[in-house]
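Notes follow the structure.
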Amino acid sequence: MGQNEDGSDSKAVQISAEEHWPTMRAVILVVNDEKKDTPSTEGMQTTVKTSDLFQHRVTNVVPARFEEMKQAIITKDFPKFAELTMRDSNQFHATCLDSYPPIFYLNDTSKKIIKIVEKINSDAGEVIAAYTYDAGPNAVIYYDEKDEDKVLGAIYARFGSVNGWNGKKYEVAHTAEELSGVSRVILTSIGNGPQISQESLINESGEPKSN
């Protein structure tokens with residue numbers, strides 16, 4: 001964390017190698033591809049200027065939570081990682097609501113996904129899934145590979161007809177109403193960070209290359 005007000009001297013530091021937690025998985029639920037009512041940069045500026053909760057978050061919550069999250073990742077403590085992830089997502093959106101005028105990034109589908117994750121954890125009797133949202137309605141749900149059938153089974157039961165499952169199908173323990181509002185899913189896992197590449201998606205004339 002830097003000292004400049006605009007954050008220009010802040011930087012991210014990798015706390016462990018990508019192979020440290022190879023069983024960590026994530027499914028992204030693309031809720032809305034449309035342009036947001038409030039652009040992220042504009043929204044953040046409004047929040048910084050008007051939210052009292054944001055100031056409390058920066059001063060009192062984030063530093064301690066960062067240390068807790070770092071420890072959870074180092075020890076591969078998924079329940080703690082999940083709790084911190086969801087709490088931080090919730091508080092971030094609380095600061096958006098505390099802004100003046102308030103900023104609404106989550107929509108009804110986003111809220112339904114939160115309830116689905118809560119039910120996944122309740123049915124499992126332990127925390128095996130964690131949701132998080134950035135400045136938008138799309139959900140990222142983390143889980144460990146060993147719990148894939150439980151987590152993705154519950155999600156597949158609601159959104160199994162959308163694109164992105166790559167031919168995979170999951171059985172569910174009980175029937176669930178299929179929901180709308182998600183356009184596609186993206187199944188992903190931990191990988192390498194940014195890489196330098198000599199490849200280009202456009203040709204010398206500036207046109208996209210054909211496949």
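The basis for the numbers below is simple: all heavy atoms, side chains too, and nothing from hydrogens, waters or symmetry mates. Here the structure is a predicted model, which means the values were calculated and not measured.
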- Item | Whether Ser110 side chain and Pro137 backbone form a donor-acceptor pair below 3.5 Å | yes

Report the C-alpha distance between Tyr170 and Glu148 in whole Å, list the side-chain angles of each, state the deciding distance to 0.1 Å, and finish with yes or no for side chain to side chain donor-acceptor pair (under 3.5 Å). CA-CA 9 Å; Tyr170 296 89; Glu148 179 173 311; 2.9 Å; yes

- Message: For the residue pair Asp98 / Thr95, report whether a side-chain donor-acceptor contact shorter than 3.5 Å exists.
- Response: no

Any carboxylate oxygen within less than 4.0 angstrom of a Lys/Arg side-chain nitrogen, looking at Glu68 and Lys80?
yes

I'd like to know if the side chain of His20 reaches the main chain of Lys76, judged simply by a donor and an acceptor atom lying under 3.5 Å from each other, with no hydrogens or angles considered. no

message: Check the orientation of Tyr156 and Trp165. Use parallel for under 30°, tilted for 30 to 60°, and perpendicular for over 60°.
response: perpendicular

Over 12 non-hydrogen atoms of neighbours within 6.0 angstrom of CZ in Arg65: yes

For Ile128 and Val151 the tightest heavy-atom approach is O-CG2, 3.8 Å

Scan side-chain atoms only and decide if Tyr105 and Asn138 contain a donor-acceptor pair under the 3.5 Å cut-off. no

Taking Lys168's backbone N and O only, do any of them form a donor-acceptor pair with Asn166's side chain (distance below 3.5 Å, no angle check)? no

One should read off an interatomic distance between Asn90 CG and Leu106 CG, to the nearest 0.5 angstrom, of 8.5 Å

Salt-bridge contact Asp88-Arg57 (side-chain N to carboxylate O under 4.0 Å)
yes

Q. Can we say Glu145 and Arg25 salt-bridge, meaning some charged N sits less than 4.0 Å from an Asp/Glu carboxylate O?
A. yes

Ring centroid separation Trp21 to Tyr142 under 6.0 Å: no

* May I ask you to test the Arg184-Phe159 pair for a side-chain heavy-atom distance under 4.5 Å? => no

dist Phe104:CZ -> Ser99:OG (nearest 0.5 Å) comes out at 10.0 Å

OG (Ser89) and CD1 (Ile114) are apart, to the nearest 0.5 Å, by 6.5 Å

